[in-house]
Q: 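Questions regarding the structure given below will be posed in turn.
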Amino acid sequence: QLQLVESGGGLVQPGGSLRLSCAVSGFTLDYYAIGWFRQAPGKEREGVSCISSSDGSTYYADSVKGRFTISRDNAKNTVILQMNSLKPEDTAVYYCAADRAFGPCTVVAGPYDYWGQGTQVTVSS
């Protein structure tokens, strides 16, 4: 069974930090790119960041560039999204997703076949 489980969400003040984890099972990160996406109620799903399977190369949406960092631990089959300098507009449910690809990753949702259940991130004072 292919499964992704997000954790680490919560309530944080503007300017604060959160670390989201994506634990994967049923497959290995050696063969899958992992992307992070987010969606707020009434809004379209937005790509945030991704990390490739082949060489660990990364991509960030302009809205989070310089504030978020994605990393992976293949031995533990986990992907981390470190979120710093959080803003209220970062409030959303955050999802991780897997794409069986070996080239550079993308944050377009279409290629991703497997999705986690999401974790809520709320940035508010």
Side-chain angles (χ1 to χ4, degrees):
Q1 296 181 357
L2 302 179
Q3 188 174 33
L4 301 90
V5 179
E6 304 93 337
S7 63
L11 175 64
V12 65
Q13 293 183 338
S17 299
L18 284 174
R19 178 173 294 201
L20 304 184
S21 296
C22 177
V24 304
S25 61
F27 63 97
T28 173
L29 294 179
D30 291 337
Y31 307 114
Y32 287 83
I34 300 295
W36 283 96
F37 301 81
R38 64 188 183 186
Q39 187 170 25
K43 299 181 180 179
E44 296 183 350
R45 184 164 51 189
E46 175 188 17
V48 176
S49 181
C50 64
I51 185 165
S52 68
S53 63
S54 57
D55 60 1
S57 62
T58 59
Y59 180 85
Y60 299 92
D62 288 342
S63 59
V64 306
K65 194 173 300 181
R67 300 188 297 120
F68 291 10
T69 302
I70 191 170
S71 61
R72 70 181 185 187
D73 186 334
N74 286 10
K76 297 181 179 179
N77 259 19
T78 58
V79 173
I80 302 297
L81 184 67
Q82 178 67 45
M83 306 186 297
N84 299 326
S85 301
L86 284 163
K87 305 174 181 179
E89 49 264 47
D90 295 319
T91 296
V93 176
Y94 283 70
Y95 300 88
C96 61
D99 172 27
R100 190 176 179 89
F102 299 99
C105 65
T106 177
V107 293
V108 175
Y112 290 84
D113 297 320
Y114 310 100
W115 295 79
Q117 84 292 339
T119 185
Q120 177 70 49
V121 171
T122 303
V123 185
S124 176
S125 59

Q: Check whether any side-chain heavy atom of Tyr95 sits under 4.5 Å from a side-chain heavy atom of Val48, and report yes or no.
A: no
Q: Spell out, as yes or no, whether a donor-acceptor pair under 3.5 Å connects the side chain of Arg72 to the backbone of Ser53.
A: yes
Q: Does CD belonging to Glu89 count more than 12 external heavy atoms closer than 6.0 Å?
A: yes
Q: Listing request: all ring pair (Phe, Tyr, Trp, His ring centres under 6.0 Å) pairs with a residue in residues 48-87, at least two apart in sequence or in separate chains.
A: none
Q: Determine whether a donor-acceptor pair (N or O, by modelled atom type, separation under 3.5 Å) exists between the side chain of Gln82 and the backbone of Thr69.
A: no
Q: Of all the heavy-atom pairs spanning Leu81 and Ser49, show the shortest one and how long it is.
A: CD1-CB, 4.2 Å
Q: I'd like to know if Val79 and Tyr31 are part of one continuous hydrophobic network [Ile/Leu/Val/Met/Phe/Trp/Tyr, side-chain heavy atoms within less than 4.5 Å].
A: yes
Q: Not counting sequence neighbours, list each pair that qualifies as a disulfide (SG to SG under 2.5 Å) and has a residue in residues 73-103.
A: Cys22-Cys96
Q: Are any non-hydrogen side-chain atoms of Gln13 and Leu86 less than 4.5 angstrom apart?
A: no
Q: Would you name the heavy atoms of Ile51 and Cys105 that are closest together and state the gap between them?
A: N-SG, 3.5 Å
Q: Looking at every non-hydrogen atom in both residues, tell me the closest pair between Leu29 and Asn77 and how far apart they are.
A: N-OD1, 3.5 Å
Q: Distance-only, no hydrogens or angles: does the Thr119 side chain make a donor-acceptor pair with backbone N or O of Gly9 under 3.5 Å?
A: yes
Q: Check whether any side-chain N or O of Thr78 sits under 3.5 Å from a backbone N or O of Ala23 as a donor-acceptor pair, and report yes or no.
A: no
Q: Hey, quick one: are Val64 and Val123 part of the same hydrophobic cluster, counting side-chain heavy atoms closer than 4.5 Å, chains of contacts allowed?
A: yes
Q: Is the shortest side-chain heavy-atom distance between Val121 and Leu20 below 4.5 Å?
A: yes
Q: Answer whether the closest heavy-atom distance between the side chains of Ile80 and Arg19 falls below 4.5 Å.
A: yes
Q: Under a 4.5 Å side-chain heavy-atom rule over Ile, Leu, Val, Met, Phe, Trp and Tyr, are Val12 and Tyr94 clustered together?
A: yes
Q: Are more than 12 heavy atoms from other residues, nucleotides or ligands located less than 6.0 Å from atom NZ of Lys65?
A: yes
Q: Using modelled atom types only, decide if a donor and an acceptor are shared between the side chain of Gln117 and the backbone of Glu6 within a distance under 3.5 Å.
A: yes
Q: Is there a side-chain contact between Pro88 and Ser124 (heavy atoms, below 4.5 Å)?
A: no
Q: Here's one to test your reading of the geometry: is the NZ or CZ of Arg45 within 45 degrees of the ring axis of Trp36 and under 6.0 Å from its centre?
A: no
Q: Less than 4.5 Å apart, any side-chain heavy atom of Ile34 and any of Leu4?
A: yes
Q: Tell me if a side-chain donor or acceptor on Arg67 pairs with a main-chain N or O of Ser85 at a distance below 3.5 Å.
A: yes
Q: Can you name the closest pair of heavy atoms from Pro111 and Val108 and give their distance?
A: CD-O, 3.0 Å
Q: For the pair Leu2 and Tyr32, evaluate side chain to side chain contact (heavy atoms under 4.5 Å, CB included) and give the outcome as yes or no after the intermediate values.
A: CA-CA 11 Å; Leu2 302 179; Tyr32 287 83; 4.1 Å; yes
Q: Do Tyr114 and Gln3 come close enough that some side-chain heavy atom pair is under 4.5 Å?
A: no
Q: Where do Glu46 and Ser63 come nearest, in terms of heavy atoms and distance?
A: OE2-OG, 3.3 Å
Q: Within a strict 4.5 Å, meaning less than it, do heavy atoms of the Ser52 and Pro104 side chains meet?
A: no
Q: Of all residues at least two apart in sequence or in a different chain, which pass the ring pair (Phe, Tyr, Trp, His ring centres under 6.0 Å) check with Tyr112?
A: Phe37
Q: Write down the atom of Cys50, the atom of Thr106, and the distance for their closest heavy-atom approach.
A: SG-N, 3.5 Å
